[in-house]
Amino acid sequence: MRPPRQSTIRIAEEVADAIAHARPVVCLETTIVVHGLPHPENLEVAAQCEAAVRAAGAVPATIGLLDGRVVVGLGLDELERLAEPERASAKLSSRDLGLALALGRDGATTVAGTIAVASRVGIEVMATGGLGGVHRDAARTFDESNDLTTLSRTPVLVVASGVKSILDVGATLERLDSLGVPVVGYRTDRFPGFYRADSGFALDWSVESATAAAAAFAAHRDYSPTGFLLANPVGPDEELDGELHDAALASALALVASTGVTGKDVTPVLLGEFARFSAGASVATNRALVVANAALAGEVAVALAETRP
Ligand code: PSU
Ligand code: MN
């Protein structure tokens, strides 16, 4: 593919400079900010993620669509504009990017939308909270996140705390297997469960350091065109209580079933109900895990830059 036309993209100077000199960069998504977390925590989390990436020695590049362009390296003021409710920024997966650009719509990018942009401009590492996946009633609804298929054809390492526990975790792991995407535990041989450290599923592979993760991704890329999922469990002090988690999950699933929400609104509604039911405890957990993932992604990006000849 040819590089994106300049009229469609703006790359912040610091980010462009880092990419040009093969210095470490971590991209961050905007759907979690605009559609996944309540105001004002959303903007605080975004700022904390950027700070965590910087503290690790990498440059953060928050990606979204603003004023008719893809922006790689949104400033916090721009992010605030993107998240204004009256702007009604769309939720953009990889398939939506071209349409939103051509029609002049603002938008927040999902994991799929973010890595689609990142790989086109030479960014190799991303951090998020939880990857999208196969929904629990997918056998009937076919609801499977485009995050999976896009990750299967986009060579970016994504650090996430597994997939959201609202999903069918077993089916999601099977799909990642079919799609050829490695799933690697960071200091664990259990697949993380987003709000919980352990989803109940075992992993075949784990690494003990960011350096080992970077080496594995670099070697993987020599032989495969897919992305790579580095699964980082939420810390033990930050986990959502198990009983509270299960009760919130039941309430969230019941809400979606009774309201008939479908498509891209399902995940935001589920996360919103978790926050309401747990009186904000799920937001605190989500916040802790996404910032920790940004920090780890920064370390991996630094290690990856060092593997280059
Ligand atoms: N991680 C979070 N909160 C979120 C998301 C990830 O902690 O809101 C977002 C990501 O943008 C991910 C999206 O790509 O949820 C998945 O949406 P869907 O299930 O509609 O594909
Ligand atoms: Mn979906």
Side-chain angles (χ1 to χ4, degrees), residues 27-39 41-42 44-46 48-49 62-65 79 82-83 89-97 107-118 126-152 154 156 158-169 171-172 175-176 181 192-196 227 229 231-234 238 240 252-253 256 261-275 278 282-294 297:
C27 63
L28 301 165
E29 56 146 313
T30 35
T31 293
I32 182 170
V33 181
V34 177
H35 301 282
L37 288 168
H39 187 86
E41 280 102 327
N42 58 347
E44 292 165 15
V45 172
Q48 282 183 305
C49 284
T62 300
I63 293 177
L65 251 77
L79 201 50
L82 193 68
S89 296
K91 175 176 165 184
L92 307 175
S93 177
S94 54
R95 72 168 182 161
D96 305 308
L97 291 173
T109 50
T110 64
V111 172
T114 305
I115 61 176
V117 171
M126 171 179 186
T128 186
L131 187 70
V134 180
H135 283 260
R136 285 171 190 249
D137 51 359
R140 185 177 55 81
T141 63
F142 279 56
D143 190 349
E144 173 186 331
S145 177
N146 176 35
D147 286 357
L148 300 186
T149 37
T150 299
L151 190 60
S152 76
T154 310
V156 173
V158 176
V159 181
S161 299
V163 297
K164 296 178 208 81
S165 42
I166 53 181
L167 300 169
D168 183 333
V169 178
T172 305
R175 286 292 289 145
L176 286 164
V181 177
F194 192 62
Y195 296 126
R196 305 277 303 156
L229 178 58
N232 186 29
V234 64
E238 254 91 44
L240 199 59
L253 293 173
V256 166
V261 179
T262 56
K264 54 174 75 180
D265 296 331
V266 171
T267 296
V269 167
L270 286 166
L271 295 176
E273 176 58 11
F274 248 96
S278 69
S282 71
V283 175
T285 297
N286 199 345
R287 188 175 174 150
L289 66 86
V290 68
V291 174
N293 293 343

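For ligands, and for the atoms within them, numbers begin at 1 and follow the listed sequence.
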Inset, instruction - Would you indicate whether the side-chain heavy atoms of T149 and R175 approach each other to under 4.5 Å? - result: yes

Inset, instruction - Quickly, which of Q48, E41, E238 forms a side chain to side chain donor-acceptor pair (under 3.5 Å) with R287? Name it, please. - result: Q48

Legend entry - Atoms in ligand 1 with a heavy atom of G36 nearer than 4.0 Å: 8 (O)

Legend entry - atom 2 (C) of ligand 1: the protein heavy-atom neighbour that sits closest, reported with distance to 0.1 Å: I32 CD1, 3.4 Å

Inset, instruction - Could you tell me whether some N/O pair between N286 and ligand 1 is separated by less than 3.5 angstrom? - result: yes

Legend entry - atom 19 (O) of ligand 1: the protein heavy-atom neighbour that sits closest, reported with distance to 0.1 Å: T267 OG1, 2.7 Å

Legend entry - Shortest protein heavy-atom distance from atom 6 (C) of ligand 1, along with the residue and atom involved: G130 O, 3.1 Å

Legend entry - Closest approach of any protein heavy atom to atom 10 (C) of ligand 1, naming residue and atom: E29 OE2, 3.1 Å

Legend entry - Interfacing atoms of ligand 1 (cut-off 4.0 Å, heavy-atom, T128): 1 (N), 6 (C)

Inset, instruction - Keeping the roles fixed (side chain from T110, backbone from A112), state whether a donor-acceptor pair exists under 3.5 Å. - result: yes

Inset, instruction - For ligand 1, find out whether one of its N or O atoms is nearer than 3.5 Å to an N or O atom of K91. - result: yes

Inset, instruction - Answer yes or no: is there a donor N or O on one side and an acceptor on the other, between the side chain of H135 and the main chain of T267, under 3.5 Å? - result: no

Legend entry - ligand 1 to V111 polar contact by distance, N or O atoms, under 3.5 Å: yes

Legend entry - Per-atom contacts, ligand 1 versus L271 - under 4.0 Å to a heavy atom: 3 (N), 4 (C), 8 (O)

Legend entry - Side-chain (T109) to main-chain (E29) donor-acceptor, under 3.5 angstrom: no

Inset, instruction - Using a strict cut-off of 4.0 Å, indicate which atoms of ligand 1 neighbour a heavy atom of H135. - result: 19 (O)

Inset, instruction - Would you mind checking which non-hydrogen protein atom is closest to atom 5 (C) of ligand 1, with the distance to 0.1 Å? - result: K164 CE, 3.5 Å

Inset, instruction - Say whether L289, considering both its backbone and side-chain N or O atoms, lies within less than 3.5 Å of an N or O atom on ligand 1. - result: no

Inset, instruction - Would you check if the side chain of S161 reaches a backbone N or O of P233 as a donor-acceptor pair within less than 3.5 Å? - result: no

Inset, instruction - Looking only at protein heavy atoms, identify the closest one to atom 21 (O) of ligand 1 and say how far it is in Å. - result: S145 OG, 2.6 Å

Inset, instruction - Indicate yes or no for a side-chain donor-acceptor contact from S93 to the backbone of D96 under 3.5 Å, with no hydrogens or angles considered. - result: no

Legend entry - Under 3.5 Å: N/O of D147 near N/O of ligand 1: yes

Legend entry - Heavy-atom donor-acceptor pair, N293 side chain to T128 backbone, under 3.5 Å: yes

Inset, instruction - Would you mind naming the N, O or S atom of D143 nearest to the Mn ion (ligand 2)? - result: OD1

Inset, instruction - Determine whether any heavy atom of V290 lies closer than 4.0 Å to an atom of ligand 1. - result: no

Inset, instruction - State, yes or no, whether a side-chain contact exists between L37 and V33 at a heavy-atom distance under 4.5 Å. - result: no

Legend entry - Check: T30 side chain, I63 main-chain N or O, donor-acceptor pair, under 3.5 Å: yes

Inset, instruction - Identify, by atom number and element, the atoms of ligand 1 in contact range of T31, meaning under 4.0 Å from any of its heavy atoms. - result: 11 (O)

Legend entry - Close side-chain approach of L148 and V181, heavy atoms under 4.5 Å: no

Inset, instruction - Pick one of side chain, backbone, both or neither for how T110 approaches ligand 1, counting any non-hydrogen atom pair under 4.0 Å. - result: both

Legend entry - Beyond-backbone contact of L270 with K164, side-chain heavy atoms, under 4.5 angstrom: no

